[in-house]
There are 2 protein chains.
Amino acid sequence: MRIGELARRTGVTTRALRYYEEQNLLTAERSGSGQRHYAEDAVDRIRLIRRLYAAGLGSKAIAELTPCVIDGKATPELLRRLAAERDHLDRRIADLVHTRDRLDSVIGGASSAMDTGVPCPRDADA
Amino acid sequence: MRIGELARRTGVTTRALRYYEEQNLLTAERSGSGQRHYAEDAVDRIRLIRRLYAAGLGSKAIAELTPCVIDGKATPELLRRLAAERDHLDRRIADLVHTRDRLDSVIGGASSAMDTGVPCPRDADA
DNA sequence: CTTGCCTTTCACGTCGACGTCAACTTTTAC
DNA sequence: GTAAAAGTTGACGTCGACGTGAAAGGCAAG
């Protein structure tokens, strides 16, 4: 398929697809006239890339990690890298959960302040 | 206290503190010569700001929300806003947890691929 | 052949949260 | 009194993941 169809099927713009290729996240066959042609599994690959972006990884990290996932070439180094990213992600999640809880308490305080007309208590913990 | 001490006590740079003021997230008294002077509770306020940034909010959203948290002026509108941000955050957390699990399975696949010498299986679900 | 959509590369624009000089004034320490 | 340290405003730089034309060539339909 050509770039337009891949874009429609994945929901990402053609600009993004060319950008991914520029960042070595994606490769494509070229027809004689220079047009990109993708195989079916490109769709899955895009999905993988999008998930890794969603995980907070940058294009550089993704470029280093995808060969492992795609080709199964898991060097110990890459495994360490993956584990490191996983830990990173874990901490981000914990942070966000903490923040959500704080936000909840803020909401609680604000609600009761509205009910009672009394300013909500200030921040206490770290 | 002046800006340098506040910076040391909060761990954010003076540049960031001036930026926060520019974005109306923070106010300061001025001495005759124009230097900023902060009260003790500025430290807590910075922490609040940092948490909201960590929650993925932008300066604009924070500027709209902090008056509520600080002054207890919780209008129904602001409460709606807070609740909306909370839900947003909730979804982000769920996404990240999902991604982490996917990353775990990738790690699992890569490990076994290393052990068995067999390429890891391709992506299956959405 | 031409119309019209798709594709190509090039290259500057964007947005947000600051970093990083620069040029100066104020405060502090000796 | 003087030098170092810390403060001020102003303005341009950064980084990342694209957006957004521009100028040109490619491809099937009538």
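Residue numbers begin at 1 in each chain, while the letters A, B, ... track the order of the sequences.
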Enumerate all atom pairs, one protein N or O and one N or O from nucleotides 3-7 of chain C, separated by less than 3.5 Å.
residue, atom, partner, partner atom, Å
C/dT7, OP1, A/G4, N, 2.7

Less than 4.0 Å between a side-chain N and a carboxylate O, is that true for [Y] and [X]?
X	Y	answer
A/E22	A/R18	no
A/E64	A/K60	no
A/D95	A/R92	no

side-chain hydrogen bond (donor to acceptor under 3.5 Å, both in side chains) involving A/R91 - partner list, sequence neighbours excluded: none
Listed partners of A/D104 passing side-chain hydrogen bond (donor to acceptor under 3.5 Å, both in side chains), at least two apart: B/R86
Short side-chain N/O contact from A/S33 to OP1 or OP2 of C/dT8, under 4.0 Å: no
From A/L26 atom CG to A/L6 atom CG, the distance as rounded to the nearest 0.5 Å: 7.0 Å
Beyond-backbone contact of B/R30 with B/Q35, side-chain heavy atoms, under 4.5 angstrom: no
Any B/T66 side-chain heavy atom under 4.5 Å of B/L52 side chain: yes
Nearest non-hydrogen partners of B/A7 and B/T14, listed with the distance: CB-CG2, 3.9 Å
Position toward the 5' end of DNA chain D (nearest nucleotide), A/S31 or A/L17: A/L17
DNA chain D: 5'-proximal contact among A/Y19 and B/R15 (nearest heavy atom): B/R15
Bend angle of the helix from C/dC1-D/dG30 to C/dC30-D/dG1, end axes from five pairs each (to 10°): 10°
Pairs satisfying ring pair (Phe, Tyr, Trp, His ring centres under 6.0 Å), at least one member in residues 20-64 of chain B, at least two apart: B/Y20-B/Y53
Nucleotides bounding contact with chain A, strand DNA chain D, heavy-atom threshold 4.0 Å: D/dA17 to D/dC27
